[in-house]
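These notes are about the structure you will find just below.
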Amino acid sequence: MDEITNWEPHDDFVDHRIDQTGDYNPAQSPWSLNDRFSHNPTYIASQDELRGIIFSIAQSGAPTRAGSPAMHATEHLEDEPRLLGSHIASKYADITIEQTKGENNKKQMIYLKNYVREVAPWLDMFDSQNTFGIQLPILAHDFPALRYAILAISARQMERKNGTRDSFDSLELYQESIRLLSPLLQVRDANVIATCVLLCCLEMMSARGQDWRRHLEGCAALFNAFEIHGFSSGLLQAVFWCYARMVMEMFIDFFWKLDLQTYYTGSTELGHDNGCTDREFERRWMQLWEDLQKWVLQRPAELLPVQTTKMGPFVHMFFSFWAAISSNQLYHTACILLLGVKPGGTDAETSSVKSPVWHARRVCGISLANPHHGCLNNAVQPLWLAGRLFSHKAEHDAIISLIQEIEAASGWAACWRINDLKMAWGYTVP
């Protein structure tokens with residue numbers, strides 16, 4: 001049996017914002033989404049402006065303009081020596097000088113240090129070259145829009161981490177970056193792409209998962225227009241995988257439902273003639289399951305846990321390589337999703353199938369054992385999916401505390417998932 005009976009949580013897990021009725025009170029949490037930023041009319045207007053800029057840049061770079069003498073967008077962008085931005089730095093040098101007059105250099109220094117120490121590591125989670133932490137601050141020296149984007153996302157992270165509700169530093173820096181992007185609509189430069197991705201990450205930091213699609217669409221349009229993909233080189237490859245990591249969160253919520261589950265329910269419940277039969281559904285399910293098990297069996301040594309320990313209700317798996325943290329957690333999450341729609345009579349080997357709860361204990365334990373901020377940010381959706389499977393109040397308290405710690409430690413919006421879990425557990429939600 002992989003269940004617990006009378007386990008009591010460690011003091012570190014106890015959530016003191018749970019009232020005597022067992023209900024979670026978001027008003028007592030300093031990390032709730034009520035920080036006024038995402039509802040600020042100025043921010044909303046600037047967000048729309050950025051969205052317009054991004055789609056304008058994408059349209060200007062789209063390789064559909066027959067007869068244009070301009071160099072193909074991807075050829076220009078892949079030209080690594082031009083990434084320092086020197087070809088436009090001199091043109092906008094007056095902007096740099098004008099905008100830096102009278103600025104609070106001490107505060108900028110604080111934000112830059114915080115960016116390198118706290119923000120860049122989760123942007124670089126799948127990048128062994130640490131492009132966001134090392135290269136971007138250097139490039140930003142000659143590219144004002146990128147510099148302000150770095151300062152803005154760092155300021156936003158600090159505001160959320162510290163529970164600051166009335167600070168407008170991040171909003172002002174965000175607006176300044178957008179203002180400096182406006183003259184560059186026709187400039188095909190990798191720094192422009194990096195700036196847009198950073199600003200979109202800032203937007204997602206304060207947004208509920210359901211709202212991410214709008215923020216991600218702009219980046220997708222840029223990547224499609226300039227043919228940027230996972231095999232691009234240098235900076236472009238780094239920004240693509242940063243974007244892809246954000247997309248993974250949305251995939252967990254939406255994409256899987258648009259494939260296997262929709263394929264089956266469309267036929268059995270909606271009567272769609274999509275060729276799905278019980279036998280075909282079982283075949284596709286088995287193929288996906290075998291692909292998952294093949295991945296976990298053939299993982300390189302870097303992706304294996306250094307130590308695995310049962311602690312309380314969860315299985316803590318510690319990894320020394322940060323990319324291993326999320327990849328293994330997503331493996332267990334994918335198993336939970338597949339087992340949730342497992343066809344009856346599937347001939348999958350019992351010892352390898354395990355149970356959804358078996359995988360859920362590892363999803364939670366991975367986050368508890370690995371404090372890397374980038375991986376904690378990436379864990380919100382897996383924790384929600386895994387958390388719904390637990391029935392013991394001690395488990396619920398531990399998961400709520402973990403989600404709150406993710407938001408408190410990283411500044412990334414996570415607590416919005418708590419009420420969703422409470423409803424799944426049958427608690428009263430105010």
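Index from 1, following the sequence. Please read these numbers as outputs of a predicted model, since none were measured by experiment.
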- request: Taking the side chain as every heavy atom from C-beta outward, state whether Asp124 and Trp322 have any pair of such atoms under 4.5 Å apart.
  value: no

- prompt: Is the closest side-chain heavy-atom distance between Tyr174 and Glu203 below 4.5 Å?
  reply: yes

query: Looking at Lys393, His396, Lys422, which hits side-chain hydrogen bond (donor to acceptor under 3.5 Å, both in side chains) with Tyr427?
result: His396

query: If we only count heavy atoms from C-beta on, is the Leu184 to Asp189 side-chain gap below 4.5 Å?
result: no

query: Passes side chain to side chain contact (heavy atoms under 4.5 Å, CB included), Leu136 versus Leu235? Steps please.
result: CA-CA 8 Å; Leu136 253 65; Leu235 176 60; 3.2 Å; yes

task: Count the heavy atoms of every other residue, nucleotide or ligand shown that sit under 6.0 Å from CD of Glu290, and state whether that count exceeds 12.
output: yes

query: Is there a donor-acceptor contact under 3.5 Å from the side chain of Ser327 to the main chain of Ala324?
result: yes

- request: Look only at the side chain of Lys310 and the backbone of Gly312, and say whether a donor-acceptor pair between them is shorter than 3.5 Å.
  value: yes

Non-hydrogen atoms of Pro371 and Leu376 that approach each other most closely: O-CD1, 3.6 Å

- request: Taking all non-hydrogen atoms of both residues into account, name the closest pair between Arg160 and Gly411 and its distance.
  value: NE-O, 2.6 Å

- request: Starting from the C-alpha separation in whole Å, work towards a yes-or-no answer on side chain to side chain contact (heavy atoms under 4.5 Å, CB included) for Met158 and Glu118.
  value: CA-CA 9 Å; Met158 290 183 69; Glu118 299 287 335; over 6 Å; no

field: Whether Asn328 side chain and Leu303 backbone form a donor-acceptor pair below 3.5 Å
entry: yes

- prompt: Measuring from Met204:CE to Ile153:CD1, what's the distance to the nearest 0.5 Å?
  reply: 8.0 Å

query: If you look at every heavy atom in Asp127 and Ala238, which pair is closest and at what distance?
result: OD2-CB, 3.6 Å

query: For Ala220, does its backbone N or O pair with a side-chain atom of Asn224 as donor and acceptor, under 3.5 Å?
result: yes

- request: Determine, stepwise, if the pair Ile228 / Tyr243 fulfils side chain to side chain contact (heavy atoms under 4.5 Å, CB included).
  value: CA-CA 11 Å; Ile228 299 170; Tyr243 165 82; over 6 Å; no

query: Of all heavy-atom pairs between Ile178 and Ser46, which one has the smallest distance, and what is that distance?
result: CD1-O, 3.4 Å

message: So that I know where these two stand, are Phe226 and Phe240 an aromatic pair - ring centroids less than 6.0 Å apart?
response: no

field: OG-CH2 distance between Ser232 and Trp241, expressed to the nearest 0.5 angstrom
entry: 10.0 Å

- prompt: Of all residues at least two apart in sequence or in a different chain, which pass the side chain to side chain contact (heavy atoms under 4.5 Å, CB included) check with His332?
  reply: Met317, Trp358, His359, Arg362, Val363, Ile366

- prompt: Are the side chain of Asn370 and the backbone N or O of Phe319 linked by a donor-acceptor pair below 3.5 Å?
  reply: yes

message: Determine whether a donor-acceptor pair (N or O, by modelled atom type, separation under 3.5 Å) exists between the side chain of Arg147 and the backbone of Ala140.
response: no

- request: Can you measure from NE2 (His141) to CG (Leu139) and round to the nearest 0.5 angstrom?
  value: 11.5 Å

message: Walk me through whether Met205 and Ser410 qualify under side chain to side chain contact (heavy atoms under 4.5 Å, CB included).
response: CA-CA 10 Å; Met205 185 181 292; Ser410 67; over 6 Å; no

- prompt: Are Arg361 and Glu395 within salt-bridge range, i.e. N to O under 4.0 Å?
  reply: yes

field: Side chain proximity check, Leu339 to Trp289, heavy atoms < 4.5 angstrom
entry: yes

Heavy-atom closest contact (Cys364 atom, Phe390 atom, distance): SG-CE1, 3.8 Å

task: Assess the side chains of Tyr148 and Gln108: does a donor N or O sit below 3.5 Å from an acceptor N or O?
output: no

Sidechain N-carboxylate O distance under 4.0 Å for Arg417, Asp420: yes

query: Is a donor on one side and an acceptor on the other found under 3.5 Å between the side chain of Asn40 and the backbone of Thr42?
result: yes

- prompt: Can you name the residues that form a side chain to side chain contact (heavy atoms under 4.5 Å, CB included) with Ala145, not counting sequence neighbours?
  reply: Phe143, Ser177, Leu180, Leu181, Thr195

- request: Determine whether Pro305 and Arg299 make a side-chain contact, defined as any pair of heavy atoms from C-beta on separated by less than 4.5 Å.
  value: yes

query: Should Leu421 and Arg388 count as side-chain neighbours, where that means a heavy-atom distance under 4.5 Å?
result: yes

task: Would you check if Phe223 and Val197 make a side-chain contact, meaning some heavy-atom pair closer than 4.5 Å?
output: yes

task: For Ile134 and Pro137, work out which heavy atoms get closest and say how close.
output: O-CD, 3.5 Å

field: Rounded distance (nearest 0.5 Å) linking atom CG of Leu330 with atom CG of Asn378
entry: 6.0 Å

- prompt: Going by heavy atoms in the side chains, are Leu338 and Trp285 under 4.5 Å from each other?
  reply: yes

message: Rounded to the nearest 0.5 Å, what separates atom CG in Leu402 from atom CG in Leu368?
response: 4.5 Å

message: Rounded at 0.5 Å granularity, tell me how far CG in Leu198 sits from CD1 in Ile193.
response: 12.0 Å

